[in-house]
A.B. asks: 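Sending over a structure as structure tokens; questions will come in a sec.
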Amino acid sequence: MEATAVVLVADVGKSRCRVELRSGGEIIGTADQHGFPGVHLDDGARTAFDLLLDTVSMLPPGLPISTLTGIGAAVAGVEASVENSRELARLLSKSFSVPAAVLSDATAAQLGALQGASGTILIVGTGAVAFRFDDAGTLHRADGWGPLLGDRGSGRWIGQRGLQAVLQAHDGGPATSLLAAAGALVESPEMLPAWLAGSDNQARTMARFAPLVLHAAEAGDAVARGIVDEACGILTRTVVQAAGEASAAERRVALLGGVVGSAFFAGLLRNSLASAGIEVVAPLGDGLDGAALAATRRGLLQERYIHRDGTNWPD
């Protein structure tokens with residue numbers, strides 16, 4: 001597309017909705033607010049659409065919205081409902097009179113990190129998932145099954161293990177500095193169960209303790225270091241499962257997510273991956289970059305996982 005093309009890109013996640021207006025690759029306006037449960041739920045397409053419109057209305061005034069040429073939206077829950085995802089694309093296209101592309105947040109992250117090429121990403125945030133697209137454009141996924149059945153090694157997993165260690169130490173189990181660190185959350189360990197039960201998002205609440213576990217591990221706490229080392233081992237196995245029969249040249253992974261923003265944790269994870277023959281490469285972009293790529297280019301390797309509005313728009 002021309003360098004002056006104006007595209008609207010969005011990352012509509014469970015905790016946050018972000019939109020950017022981009023002109024020729026330059027970000028000229030941003031807005032963000034709360035997220036939503038997912039497009040796969042009843043009336044999810046309409047809920048996501050209304051949230052997007054409301055967030056767009058929060059963009060700074062005077063931006064060239066009227067010259068929009070395309071929309072790319074990375075949305076939570078896409079993989080669970082093709083029908084709702086296509087409906088969201090149709091709603092966006094009709095509202096803005098431009099082509100619209102809707103894709104999962106993980107697909108958008110892979111697109112952005114590897115700029116449309118095949119390969120693997122590992123996202124380690126509140127949850128954890130490995131996504132690989134092979135040279136045929138087929139998706140290979142490992143984990144990402146949520147806090148009750150999966151997301152092992154994630155920020156939630158690390159935080160939960162840390163909180164369990166706090167209560168074990170309180171009961172006379174292995175001593176750990178995490179017991180004192182929990183004071184940042186509650187006045188006494190006995191209050192932890194009620195504190196967690198009162199949360200409207202228990203996975204995200206437990207993930208709040210993960211940075212304190214990482215800090216304690218880096219400071220030499222043996223219990224915390226054991227948790228972190230186990231997380232790295234689990235995440236390495238997740239990447240190996242997603243890599244499957246990939247060739248040696250394809251056994252590379254880009255790391256994304258808030259937890260790998262810790263240089264300490266990222267270094268340990270990189271070493272663990274290297275021991276399994278997996279090379280870590282720097283991501284070239286993020287999920288919003290992936291959404292922009294979906295909005296501006298057709299025929300991508302990942303095309304079958306991108307839901308478009310269905311109109312025969314000119315390329």
Side-chain angles (χ1 to χ4, degrees), residues 13-14 74 76-80 104-114 117-135 137-162 164 203-204 206-207 209-211 213-214 217 224-283 286-287 290 302 305:
K14 293 182 179 180
V78 162
E79 64 279 359
S104 77
D105 41 8
T107 298
Q110 197 274 350
L111 261 174
L114 302 178
S118 61
T120 306
I121 63 164
L122 175 67
I123 307 173
V124 191
T126 299
V129 63
F131 246 51
R132 176 172 73 93
F133 285 97
D134 63 24
D135 289 334
T138 300
L139 170 64
H140 305 267
R141 166 182 171 158
D143 209 348
W145 302 122
L148 298 180
L149 300 178
D151 290 346
R152 300 180 69 240
S154 66
R156 184 277 309 165
W157 187 95
I158 293 170
Q160 183 175 8
R161 291 297 183 275
Q164 290 170 340
R204 190 161 63 237
M206 287 187 285
F209 198 54
V213 176
L214 297 181
R225 181 58 186 263
I227 293 169
V228 171
D229 286 344
E230 186 179 358
C232 288
I234 288 169
L235 293 169
T236 296
R237 290 192 291 276
T238 297
V239 172
V240 169
Q241 288 167 353
E245 301 300 320
S247 66
E250 291 180 306
R251 293 177 70 83
R252 295 176 293 178
V253 64
L255 305 179
L256 301 168
V259 179
V260 295
S262 161
F264 168 71
F265 183 78
L268 293 177
L269 181 56
R270 189 178 294 109
N271 290 339
S272 180
L273 289 163
S275 69
I278 304 290
E279 177 190 359
V280 174
V281 297
D286 60 14
Q302 301 82 352
Y305 302 96

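Residue numbers start at 1 and run along the sequence shown. For the numbers below, each heavy atom of this structure counts, side chains included, while hydrogens, waters and symmetry mates do not.
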A.B. asks: Can a donor-acceptor pair be found, under 3.5 Å and without considering hydrogens, that links the side chain of Y305 to the backbone of L139?
C.D. replies: yes
A.B. asks: Counting only N and O atoms by type, is there a donor-acceptor contact under 3.5 Å from the side chain of Q110 to the main-chain atoms of G119?
C.D. replies: yes
A.B. asks: How close do D105 and A74 get, heavy atom to heavy atom, and via which atoms?
C.D. replies: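 Residues D105 and A74, closest heavy atoms: CA-CB, 4.0 Å.
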A.B. asks: Please step through side-chain contact (heavy atoms from CB on, under 4.5 Å) for the pair L256 and D286, ending with a clear verdict.
C.D. replies: CA-CA 8 Å; L256 301 168; D286 60 14; 5.7 Å; no
A.B. asks: What residues, two or more places apart in sequence or in another chain, satisfy side chain to side chain contact (heavy atoms under 4.5 Å, CB included) together with V259?
C.D. replies: V124, I158, L214, F265
A.B. asks: Taking all atoms of both residues into account, what is the closest heavy-atom pair of I121 and A113, and its distance?
C.D. replies: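 That closest heavy-atom pairing would be CG2-CB, 3.8 Å.
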A.B. asks: In terms of side-chain heavy atoms, does S118 have a donor or acceptor partner in D134 at a distance below 3.5 Å?
C.D. replies: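 The answer is no; no qualifying pair exists.
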A.B. asks: When rounded to the nearest 0.5 angstrom, what is the spacing between CZ in R237 and CG in D143?
C.D. replies: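 Going from CZ on R237 over to CG on D143, the span is 11.5 Å.
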A.B. asks: Between F209 and G159, what is the shortest heavy-atom contact and its length?
C.D. replies: CD2-O, 3.7 Å
A.B. asks: Evaluate side-chain contact (heavy atoms from CB on, under 4.5 Å) for R141 paired with V129, printing each intermediate quantity in order.
C.D. replies: CA-CA 7 Å; R141 166 182 171 158; V129 63; 4.1 Å; yes
A.B. asks: So which atom in G287 and which in A108 form the shortest heavy-atom distance, rounded to 0.1 Å?
C.D. replies: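 Heavy atoms only, the tightest pair is O-CB, 3.5 Å.
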A.B. asks: Is there a donor-acceptor pair closer than 3.5 Å between any side-chain N or O of R132 and the backbone N or O of H140?
C.D. replies: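 Not at all, since once roles are kept as given, no pair shorter than 3.5 Å links the two residues.
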A.B. asks: Only counting residues at least two apart or in another chain, list the ones meeting side chain to side chain contact (heavy atoms under 4.5 Å, CB included) with A276.
C.D. replies: T236, V240, I278
A.B. asks: So F133 and T138, side-chain contact (heavy atoms from CB on, under 4.5 Å) or not? Walk me through it.
C.D. replies: CA-CA 5 Å; F133 285 97; T138 300; over 6 Å; no
A.B. asks: Answer whether the closest heavy-atom distance between the side chains of L269 and L122 falls below 4.5 Å.
C.D. replies: yes
A.B. asks: Check the pair T107 / F131 against side-chain contact (heavy atoms from CB on, under 4.5 Å), numbers first and verdict last.
C.D. replies: CA-CA 8 Å; T107 298; F131 246 51; 3.5 Å; yes
A.B. asks: Where the side chain of R225 meets the backbone of V228, is there a donor-acceptor pair that is under 3.5 Å apart?
C.D. replies: no
A.B. asks: First locate atom CD of E230, then atom SG of C232, and finally report the distance between them rounded to the nearest 0.5 Å.
C.D. replies: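 Separation between the atoms: 10.5 Å.
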A.B. asks: Kindly compute the distance separating CG (L273) from CG (L255), expressed to the nearest 0.5 Å.
C.D. replies: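 Going from CG on L273 over to CG on L255, the span is 6.5 Å.
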A.B. asks: With rounding to the nearest 0.5 Å, note down the distance linking CG in D229 to CD1 in I234.
C.D. replies: 11.0 Å
A.B. asks: Per the side chain to side chain donor-acceptor pair (under 3.5 Å) rule, what does the pair list look like for residues 152-161, sequence neighbours excluded?
C.D. replies: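 Checked against side chain to side chain donor-acceptor pair (under 3.5 Å) - neighbours excluded - the pairs reaching residues 152-161 are R156-Q160.
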